[in-house]
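Working notes, beginning with the structure itself.
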Protein chains: 2
Amino acid sequence: MKKEIRDKNGLTEAEFLRSYKAEDYVRPSVAADMAIFTVQEAEEENYRKLPEKKLCILLIERGVHPYLGTWALPGGFVRPGETTEETAKRELKEETGLDHVYLEQLYTFSDPDRDPRTWVMSCSYMALIDSSGVKPKAGDDAAKAAWFSISYGLTDDHTEYRKNHRYDGMKTIRTMRYELVLEHEDIRLTAVIEKKVTKTEYDTKEEYRILSNDGLAFDHARIIAYGLERLRGKVDYTDIAFHLMPLQFTLTQLQQVYEVILDKPLLKAAFRRKIGHLVIETDSFTENAGHRPSRLYRRKL
Amino acid sequence: MKKEIRDKNGLTEAEFLRSYKAEDYVRPSVAADMAIFTVQEAEEENYRKLPEKKLCILLIERGVHPYLGTWALPGGFVRPGETTEETAKRELKEETGLDHVYLEQLYTFSDPDRDPRTWVMSCSYMALIDSSGVKPKAGDDAAKAAWFSISYGLTDDHTEYRKNHRYDGMKTIRTMRYELVLEHEDIRLTAVIEKKVTKTEYDTKEEYRILSNDGLAFDHARIIAYGLERLRGKVDYTDIAFHLMPLQFTLTQLQQVYEVILDKPLLKAAFRRKIGHLVIETDSFTENAGHRPSRLYRRKL
DNA sequence: CTAATAGTGTCTTTTAGACAATATTAA
DNA sequence: TTAATATTGTCTAAAAGACACTATTAG
């Protein structure tokens with residue numbers, strides 16, 4: 001039925017499709033870039049004390065131009081016949097050997113100048129993994145791959161109230177600056193990201209800009225910031241943080257992960273009440289810890 | 001400094017960029033498609049009663065192949081030099097004449113077969129507008145443009161618990177079915193969308209599938225479902241719904257909008273407490289309503 | 001006067017915050 | 001015994017749910 005409808009040139013859909021030339025239009029390349037997050041433990045000298053947790057991200061040192069020698073998110077171009085998610089999974093597997101992990105599309109960045117080679121959009125993904133036993137491998141284009149610890153903090157928050165002359169209303173502009181610091185051994189990468197929220201009576205607009213950047217390739221500082229905000233935003237109303245945990249974990253470990261994501265301390269009793277319905281207790285306990293053993297839990301499915 | 005680093009072929013970054021051939025790779029087309037939502041009032045025969053509100057979306061009737069004669073989201077291909085957001089804004093302006101409205105990127109759909117013409121990714125956006133005084137205009141490729149009322153309800157929710165043999169753990173699969181019905185005058189478009197959430201100890205996966213579809217072009221039923229879920233999800237922890245309101249509104253009108261988005265009635269007193277800090281009262285009141293006048297409010301910026 | 005909505009008061013329930021008390025282990 | 005973490009209890013404060021009462025208007 002539908003196929004028999006003819007357009008103004010008298011073509012059926014099948015005829016139209018046969019005559020369609022995709023090559024007539026200039027098209028962008030599309031890449032999938034991945035922010036792979038994990039939580040790792042710092043060394044602890046005191047055998048009794050719990051090791052501190054650090055939120056980490058996997059970066060690769062670029063072995064090819066452009067941005068040769070700088071650090072970048074793992075990623076690659078989407079191939080014909082593939083979804084962006086499949087590209088992301090392929091990269092993830094190459095880099096970490098992991099297969100079934102939490103994966104979420106973040107945002108598609110499409111600034112035409114974001115890649116000096118050509119017009120490249122980046123469909124970005126966030127993966128959350130338990131990194132115990134994962135040795136990052138450098139892919140084809142990469143010299144090295146390594147886990148970088150993350151520090152991402154607000155350094156400035158400023159709100160401006162303006163009369164909006166174009167309409168008779170008001171306008172408020174809230175400018176927030178975040179400092180992103182990534183560290184691996186003696187390598188230290190830094191960037192300053194500005195988040196600007198503009199409100200008028202008619203709309204609300206949110207922009208992220210990279211103000212400065214030392215050692216990160218492309219606009220990847222912005223993608224990382226975006227991923228961190230998504231992670232923070234989802235932590236307290238989903239069980240997303242569980243994907244950073246091993247199969248069995250103590251509630252204190254889980255709380256540490258929440259704390260390291262939210263970058264603030266939480267109250268123990270309230271935390272346990274809040275996540276109580278998301279976990280199942282096992283019969284196992286930690287051992288040889290130098291203090292009272294702790295019950296191990298799993299994620300409730 | 002950085003520019004002087006040479007790669008394994010002995011090229012500097014500048015030399016590499018001059019030699020880079022983007023044409024060597026097959027690339028997708030990228031379109032921006034828009035779910036433009038608004039709230040409209042139904043006719044009310046009783047002069048005293050408040051008119052009911054309906055959540056609506058703007059659709060265009062396709063005037064060209066493929067899917068000629070079916071209804072689609074407004075959208076278009078991203079042009080060189082443009083961001084996807086600029087494409088979306090351009091389409092919005094063409095279709096509604098509106099300029100400064102709430103706009104949010106939803107998701108990038110990249111199934112290689114989603115468009116019969118060629119490889120086309122869709123970077124989708126959601127816009128929220130106050131439609132009073134907006135007459136939708138059909139663009140180049142469109143025969144007509146019209147507001148369709150939306151009904152989107154869960155018709156089936158089913159959870160399956162399985163032993164996962166690959167690991168020693170469990171797997172739960174929750175399958176939800178939603179019926180989407182869009183109506184404009186005597187046109188009625190329907191689709192059934194399945195949302196499947198699969199959980200194992202290792203990951204959580206979320207998929208949307210179109211099970212049936214009558215009258216909607218491409219995979220647009222899925223994009224609409226995605227937009228509706230985003231809208232619902234954000235309503236109670238942001239002031240996003242205010243972008244569907246005129247400059248001044250009564251709290252009952254605002255509550256109606258919340259109710260129509262969430263598809264459930266809310267308690268008046270609790271609602272007023274909750275949104276109280278998001279509004280500013282004006283000195284104006286509604287008039288000639290056949291009942292007690294209502295104070296008008298604006299969004300607090 | 002009446003039928004409608006507007007707006008507020010208050011009691012209850014639930015959730016979150018704060019902090020203290022008790023329990024248990026390896027060295 | 002001690003220094004650490006584990007776990008639970010309880011009081012308080014804040015937020016959400018439920019429902020009823022009063023206020024005000026056009027016709």
Side-chain angles (χ1 to χ4, degrees), chain A residues 41-53 235-239 241 245 248-260 262-298, chain B residues 41-53 235-239 241 245 248-260 262-298:
Chain A
E41 301 194 338
E43 297 299 317
E44 185 54 59
E45 62 302 330
N46 181 336
Y47 79 99
R48 282 180 147 159
K49 274 203 165 173
L50 287 176
E52 260 192 39
K53 304 258 182 192
V235 153
D236 21 49
Y237 72 97
T238 69
D239 65 349
M245 309 299 298
Q248 300 197 128
F249 47 84
T250 69
L251 295 185
T252 304
Q253 285 167 354
L254 185 63
Q255 183 174 344
Q256 285 180 311
V257 169
Y258 272 72
E259 287 175 337
V260 87
L262 294 170
D263 199 23
K264 71 176 181 197
L266 301 175
L267 290 167
K268 194 164 38 171
F271 177 76
R272 283 166 184 246
R273 264 190 316 232
K274 203 169 120 80
I275 56 86
H277 68 108
L278 298 174
V279 296
I280 304 173
E281 62 176 42
T282 70
D283 299 331
S284 319
F285 289 83
T286 56
E287 279 170 9
N288 300 320
H291 49 74
R292 176 170 172 182
S294 179
R295 187 185 286 278
L296 292 170
Y297 291 79
R298 319 173 132 242
Chain B
E41 302 194 337
E43 297 298 319
E44 185 53 60
E45 61 303 331
N46 182 337
Y47 78 101
R48 283 177 147 160
K49 273 204 167 176
L50 288 176
E52 260 192 42
K53 304 259 182 193
V235 152
D236 22 47
Y237 71 97
T238 69
D239 65 350
M245 308 300 296
Q248 300 197 127
F249 48 84
T250 70
L251 295 186
T252 304
Q253 284 166 355
L254 185 63
Q255 183 174 342
Q256 286 179 311
V257 169
Y258 272 72
E259 287 174 338
V260 87
L262 294 170
D263 199 23
K264 70 175 182 198
L266 301 175
L267 290 166
K268 191 164 44 166
F271 177 76
R272 282 163 185 248
R273 264 191 316 234
K274 202 169 121 80
I275 54 87
H277 68 106
L278 299 173
V279 296
I280 303 172
E281 63 175 44
T282 69
D283 299 330
S284 317
F285 289 83
T286 56
E287 279 169 8
N288 300 320
H291 49 73
R292 177 172 170 178
S294 178
R295 187 185 285 277
L296 293 169
Y297 291 79
R298 320 173 132 241

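To find a chain, count down the sequence lines: A is the first, B the second, and so on, and within it residues start at 1.
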(message) When you measure only distances, ignoring hydrogens and angles, does the side chain of R48(A) come within 3.5 Å of the base of dT2(D) through a donor and an acceptor?
(response)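 Result: at least one qualifying N/O pair found.
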(request) Tell whether K274(A) reaches the base of dT15(C) with its side chain through a donor-acceptor pair below 3.5 angstrom. (result)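 Answer no: no donor N or O sits under 3.5 Å from an acceptor.
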(message) Which nucleotide wins on minimum distance to the side chain of P293(A), given the candidates dA26(D), dT8(D), dT25(C)?
(response)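 Minimum distance to the P293(A) side chain belongs to dT25(C).
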(message) Given dA26(C), dA26(D), dT5(D), identify the nucleotide with an atom nearest to the side chain of L50(A).
(response)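 The answer is dT5(D).
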(request) Just report the end-to-end axis angle for the helix from dC1(C)-dG27(D) to dA27(C)-dT1(D), five pairs per end, to 10 degrees. (result)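 The angle, to the nearest 10 degrees, is 0°.
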(request) Find which nucleotide of DNA chain C each of K49(B) and L251(B) is nearest to by heavy atoms, and output the residue with the more 5' nucleotide. (result)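 Checking each residue's closest nucleotide, the 5'-ward one belongs to K49(B).
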(message) Closest-nucleotide mapping onto DNA chain C: is L267(A) or G290(A) further toward the 5' terminus? I mean the 5' end.
(response)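 With L267(A) and G290(A) compared, the 5'-side residue is L267(A).
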(request) For residues L50(B) and Q256(B), determine if any side-chain heavy atom of one lies less than 4.5 Å from a side-chain heavy atom of the other. (result)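 The answer is yes, as the side chains (C-beta and beyond) meet within the 4.5 Å cut-off.
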(request) Look at the side chain of R295(B) and the backbone N and O of F285(B), then say whether any donor-acceptor pair between them is shorter than 3.5 Å. (result)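 The answer is no, because no donor-acceptor pair under 3.5 Å joins these two groups.
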(message) Any base atoms under 4.0 Å from R273(A), or only sugar-phosphate, or nothing? Heavy atoms, all strands.
(response)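 Base contact.
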(request) Would you classify R295(B) as touching base, sugar-phosphate or nothing, given that sugar-phosphate means primed atoms plus P, OP1 and OP2, and contacts are heavy atoms under 4.0 Å? (result)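 Touches sugar-phosphate only.
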(request) Let me know, please, whether A269(B) or Y47(B) comes out on the 5' side of the other along DNA chain D by nearest nucleotide. (result)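 Whichever sits nearer the 5' end wins; that is A269(B).
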